[in-house]
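This structure is a prediction, so every number in the text was calculated from the model and none was measured. In what follows, residues are counted from 1 in the order of the sequence shown.
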Amino acid sequence: MNDALGTAPEPHREPHHEPTRTDRLLAALGGLVAAYVSLAVADLVAHRVRPEAGPVPAVGGAVVDRTPAVLKEWAIRAFGEDDKTVLQLGILILLALLALAVGLLALRHRLLGTAAVAAFGVLGALAAVTRPDSESAVDAVPSLVGAAAGALLLYVLTGRLLTPRPGPARPGTAGADRRGFLVVAASTGLAATGAAALGRAAGSPVQENAAASRAALVLPRPDAPAPGVPAGARLDVPGLAPFVTPNRDFYRVDTALIVPKVDADRWRLRVHGLGVREERTLTLRQLMARPTAERDITLCCVSNEVGGPLVGNARWLGVPLAPLLREAGVRPPSEGGPADQLVARSVDGMTIGTPVEAVMDGRDALLAFGMNGEPLPFTHGFPVRMVVPGLYGYVSACKWIESIELTTFAAYDAYWVPRGWAAQAPVKTQSRIDTPRPLARPAAGTVMVAGVAWAQHRGIRRVQVRIDDGPWQDARLAAEDSADTWRQWVHPWAAAPGRHTLTVRATDGTGTTQPERRTDTMPDGAQGWHSVVVTVEGG
């Protein structure tokens, strides 16, 4: 009749139905599957481009940089070295929740939901290319490719729920092609999982080259070997931290969600800045050809709480930093040099500011490439890191170093300073009870109370132990290796049954004793006496 009247026919519309509860559940699932496929594809591409360019590491790194220092400290205290795993898990949980919401959105507004997936990809790409370690615009590719895959999949899946399948609809299906939805979701999810697994199995060319360069590296014999460790420097007490911390047990605190793996053959170190007479660029081969030194040095993180585990002692092999700087024309402020801060830059963009005076005052500041007799592990800075005894790691121990710039504290704030940490931070005198452990239940009789104490570059002169509110008693100190290493100590305690509090304090080489009052790690390191509560059993 409309034709007879000359009225245009109704335009063709895509068959549509009102979504049921089951449709909404499937739509949410579709958003989740689309997000999973997006991340899997992005991960696969990132392994071929650069693992650090993946959306989760890129966004996670941006989150770390913008997280308040108080929250970072809480994460380190709560999760220790697992803080990065917890962060990435948190990001994935948040993405999962957003994916569920996007799936529901797509059921009502198909194109808008698809656009939301693409928008997340753009955000990931922006995070990747704006990271300090970004090498080129290619870092945006993993997020963009992953988002394209996820957006396309969500569009297809949503279409299955909006478009009736051919033939008569069975009761309760409302016409949606749910079987087709499940087939597409399952097949693409499995395909993405398989592709990502194959990609990881094949490995990253960047990481493989770095691993090969480390395996091929032969450390030079030190021109200045470390003095032999005195026989009495190691105490044989069960539960006491070993004098030398094995590499696998050495603490790790940094902001890298993916450990940088640097090809030693491509690594370069640039020395430049204020007071540098002639800028220099060194390869690893050139650095290792210089006179080398081997030293035992204890490192400590500023985030280490009283009695905490973020401290370790290792034998480092490297090149003394002061002679290298002097050859470049650098003079410390005490000699009229214009620069008072050395800013070390890592390949991941981290900046660490160190007093020039401390580096050049005669202490064993090293550009280290060896740790406990082997090339640096990747987690500890391969191919080269800085080691400066007497300073907390955040102002001295730059891992994966690639640049040294001479400047001033007035002109530049390194990474941690705007986040509330002090610009300069000498290590504070600390002591720790390793055994017995808190809440231990030793038997009555002689109990060996033992631990470690450190005050790098000042040394430890004395350690004292107090039982409950009794008098302070001198512990037996192990022989000193050097003023730059920790000292083990032990105190035999005639333990009587009951609940007891054990407390320790140390006096450094200058005669200064640890203060009793505990302070927080911010802004320049914790201090205070460490104590443990135990219950002695028997009689």
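With Gln88 as the partner, the side chain to side chain contact (heavy atoms under 4.5 Å, CB included) test is satisfied by one option alone out of Val63, Val59, Leu257: Leu257. The side chain to side chain donor-acceptor pair (under 3.5 Å) test with Ser403 is passed by exactly one of Arg268, Arg345, His272, Arg270: His272.
Closest of all the heavy-atom pairs between Ala147 and Ser38 is N-OG, 3.4 Å. When every heavy atom of Pro309 is checked against every heavy atom of Asn304, the shortest pair comes out as N-OD1, 3.2 Å. In terms of heavy-atom proximity, Pro220 sits nearest to Thr292 at CG-CG2, 4.1 Å. Nearest heavy atoms, Ile404 versus Leu269: CG1-CD1, 4.2 Å. Nearest approach of Gly60 to Leu87, heavy atoms of both residues: O-CD2, 3.9 Å. Across every non-hydrogen atom of Phe369 and Val384, the tightest pair is CB-CG2, 4.4 Å.
Other residues, nucleotides and ligands contribute at most 12 non-hydrogen atoms within 6.0 Å of the CG atom of Asp236.
Looking at Arg295, its side chain never comes within 3.5 Å of a backbone N or O of Trp316 through a donor-acceptor pair. Between the side chain of Thr298 and the backbone N or O of Asn313, no donor-acceptor pair lies under 3.5 Å. A distance-only check finds a donor-acceptor pair linking the side chain of Gln341 to the backbone of Tyr412 [under 3.5 Å]. Of the possible polar contacts, one joining the Ser346 side chain to the Asp348 backbone as a donor-acceptor pair under 3.5 Å is found. Between the side chain of Arg234 and the backbone N or O of Ala231 there is no donor-acceptor pair closer than 3.5 Å. Under a 3.5 Å cut-off, the side chain of Asp484 and the backbone N or O of Asp296 do not form any donor-acceptor pair. In this structure, Lys399 contributes its side chain and Thr379 its backbone to a donor-acceptor pair below 3.5 Å. Side-chain atoms of Trp486 come within 3.5 Å of backbone atoms of Phe243 as a donor-acceptor pair (strictly under, hydrogens ignored). Of the possible polar contacts, none joining the Asp43 side chain to the Val45 backbone as a donor-acceptor pair under 3.5 Å is found. In this structure, Asn372 contributes its side chain and Thr245 its backbone to a donor-acceptor pair below 3.5 Å.
We find the CZ-CG distance between Arg221 and Leu317 to be 11.0 Å, quoted to the nearest 0.5 Å. Considering NZ of Lys428 and SG of Cys300, their distance stands at 11.0 Å, rounded to 0.5 Å. The CD1 atom of Ile460 lies 9.0 Å from the CD atom of Glu480; values are rounded to the nearest 0.5 Å. Once rounded to the nearest 0.5 Å, the distance linking CG of Leu325 with CG of Leu406 reads 6.0 Å. A distance of 10.5 Å separates CG in Asp133 from CH2 in Trp400, rounded to the nearest 0.5 Å. With values rounded to the nearest 0.5 angstrom, Tyr392 atom OH is found 7.5 Å from Asp524 atom CG.
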Starting from the C-alpha separation in whole Å, work towards a yes-or-no answer on salt bridge (charged side-chain N to carboxylate O under 4.0 Å, His left out) for Glu402 and Arg266. CA-CA 11 Å; Glu402 67 173 2; Arg266 298 182 58 189; over 6 Å; no

Between Ser134 and Asp139, does a side chain to side chain donor-acceptor pair (under 3.5 Å) hold up when you go through it step by step? CA-CA 7 Å; Ser134 178; Asp139 285 348; 2.9 Å; yes

Determine, stepwise, if the pair Arg131 / Val129 fulfils side-chain contact (heavy atoms from CB on, under 4.5 Å). CA-CA 6 Å; Arg131 294 293 300 149; Val129 298; over 6 Å; no

Yes or no on side-chain contact (heavy atoms from CB on, under 4.5 Å) for Val56 and Leu92, after CA distance, side-chain angles and deciding distance? CA-CA 8 Å; Val56 173; Leu92 291 175; 4.0 Å; yes

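Counting only heavy atoms from C-beta outward, the side chains of Leu342 and Leu321 approach each other to under 4.5 Å. No side-chain heavy atom of Thr485 sits under 4.5 Å from any side-chain heavy atom of Arg487. No side-chain heavy atom of Val302 sits less than 4.5 Å from a side-chain heavy atom of Thr521. Contact of the Ile433 side chain with the Trp489 side chain is registered, since non-hydrogen atoms from C-beta on lie closer than 4.5 Å. For the pair Cys301/Tyr394, no side-chain contact is recorded, criterion being any heavy-atom separation below 4.5 Å from C-beta on. Put simply, the side chain of Lys261 does not reach to within 4.5 Å of the side chain of Phe382, judged on heavy atoms. You'll find the side chain of Gln488 reaches within 4.5 Å of the side chain of Leu240, heavy atoms only. A 4.5 Å side-chain heavy-atom check between Asp263 and Val206 finds every atom pair outside the cut-off.
Between Glu335 and Arg326 there is a salt bridge, since at least one side-chain N of the basic residue sits less than 4.0 Å from a carboxylate O of the acidic one. The pair Arg363-Glu357 fails the salt-bridge criterion, with no side-chain N (NZ, NE, NH1 or NH2) lying under 4.0 Å from an Asp/Glu carboxylate O. Between Glu327 and Arg290, at least one side-chain nitrogen of the basic residue sits less than 4.0 Å from a carboxylate oxygen of the acidic one, meeting the salt-bridge criterion.
By the 6.0 Å and 45° rule, Arg419 stacks over the aromatic ring of Tyr415.
Side chains of Arg458 and Thr429: a donor on one and an acceptor on the other come within 3.5 Å.
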List the atom pairs, donor and acceptor, that lie under 3.5 Å between side-chain atoms in residues 30-37 and the rest of the protein, sequence neighbours left out.
| unit_1 | atom_1 | unit_2 | atom_2 | d |
| --- | --- | --- | --- | --- |
| Tyr36 | OH | Thr193 | OG1 | 2.4 |

